[in-house]
2 protein chains.
Amino acid sequence: MTATARREQAREEYNANLRECPGHELLSVISDKWFTLVVSALADGPMRYNELGRTVAGASQRMLTQTLRRLERDGFVTRTVTPTVPIRVDYELTDLGRQIVPLQRSIKAWAEQHIPEVHAARERYSESEGE
Amino acid sequence: MTATARREQAREEYNANLRECPGHELLSVISDKWFTLVVSALADGPMRYNELGRTVAGASQRMLTQTLRRLERDGFVTRTVTPTVPIRVDYELTDLGRQIVPLQRSIKAWAEQHIPEVHAARERYSESEGE
DNA sequence: CAGGATCCTAGTCGATACTG
DNA sequence: CAGTATCGACTAGGATCCTG
């Protein structure tokens, strides 16, 4: 089992390296299913929790909360609680949050330009490989 | 159960929309754990299967094969079989594959510039929230 | 050499129900 | 209103063994 253990350790070290790589770390953050949606929803201005839930329709409460917590933790949004009754919570992009919008746009631009080629490639592939 | 069914359908429609959105589709492709590694390995020139396995150390055979198949299917790499004994298979970036390198670089650039801010935000967060 | 097939586990995600 | 807690379904990913 020594070989197995050694492999496992190698893999973990490798994963650790990957996690430390800024590029991959950022990718894992922005490729989150809801990240982009929430950020672009907030790009137009601050929003309250339920308002976000309606705008980003499709997100369960759990996912919305989780995404917002992550965004707050990573410094992309601020969370402002107004302890009225009923309570009011506003989310707003930080400077960092606003700075990621251009990057998202360039990704989107690349996608719109080249995704058709990907689709074409897929069709050729499934054609030649049968079904 | 009608309400449940309706919600489920709404969610699936939403997911379908997301999948049709080029931006998210691209993100789901390039955020794959091994995609970037394989592409940048191939950026220096064609490589054989085992060669790739060594360069992208940490990938299991299964993942390597899976990633390569996806890359081939999506038109990012070509797979060339030379039926010698033993068999030889070369992988090489296509034009499309080469065109994604600049995008990866701009993502990496953003990451290297701003990830430190994310880390700082995380420290503040875990400090203030205890633990 | 370059994979395919199989099994298995750890984490992800959504639904549901409950709370300050 | 803005969440938290818990549960089950699902699946991605790795290990392992086998083949043309």
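Numbered from 1 within each chain, the chains take letters A, B, ... in sequence-line order.
Contact between the side-chain N/O atoms of B/Arg48 and the OP1/OP2 oxygens of C/dA2 is found at a separation under 4.0 Å. Taking 4.0 angstrom as the limit, B/Arg69 places a side-chain polar atom (N or O) nearer than this to OP1 or OP2 of C/dG4. Side-chain nitrogen and oxygen atoms of A/Tyr49 include none within less than 4.0 Å of the OP1 or OP2 phosphate oxygen of D/dT4.
Between the side chain of B/Asp74 and the backbone N or O of B/Phe76 there is no donor-acceptor pair closer than 3.5 Å.
Rounded to an integer number of Å, the gap from A/Gln61 CD to C/dA17 C1' is 11 Å. When the C1' atom of D/dT4 is taken as reference, atom CG of A/Leu64 falls 14 Å away, rounded to whole Å. Rounded to an integer number of Å, the gap from CZ of A/Arg79 to C1' of D/dC1 is 12 Å. Distance B/Lys33 NZ to D/dG13 P: 8 Å, rounded to the nearest Å. Rounding to whole angstrom units, CD1 of residue A/Ile87 and C1' of D/dA2 are separated by 7 Å.
Remark on DNA chain C: of its neighbouring residues A/Arg70 and B/Asp90, the 5'-side contact belongs to B/Asp90, judged by nearest-heavy-atom nucleotide.
Taking 4.0 Å as the cut-off between side-chain N and carboxylate O, A/Glu51 and A/Arg88 do not count as a salt-bridged pair.
For A/Tyr91 and A/Thr80, the side-chain atoms include no donor-acceptor pair closer than 3.5 Å.
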Exercise for the section: Please lay out, stage by stage, how A/Leu68 and A/Val38 fare under the test side chain to side chain contact (heavy atoms under 4.5 Å, CB included). Expected result: CA-CA 8 Å; A/Leu68 286 168; A/Val38 171; 4.0 Å; yes
Between N or O atoms, less than 3.5 Å apart, protein on one side and nucleotides 5-12 of chain D on the other: list the pairs.
from: D/dT6; atom 1: O4; to: A/Arg62; atom 2: NE; distance (Å): 3.3

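Among the nucleotides D/dG3, D/dC1, D/dG14, the one closest to the side chain of A/Tyr91 is D/dG3. Side-chain atoms of B/Ser60 lie closest to D/dA15 of the nucleotides D/dA15, C/dA2, C/dG14.
Among all heavy-atom pairs drawn from A/Gln113 and A/Glu117, the shortest one is O-OE2, 4.2 Å. Here the closest heavy-atom approach between residue A/Gly75 and residue A/Thr94 is recorded as O-OG1, 2.7 Å. Among all heavy-atom pairs drawn from B/Leu93 and B/Arg98, the shortest one is O-NH1, 3.2 Å.
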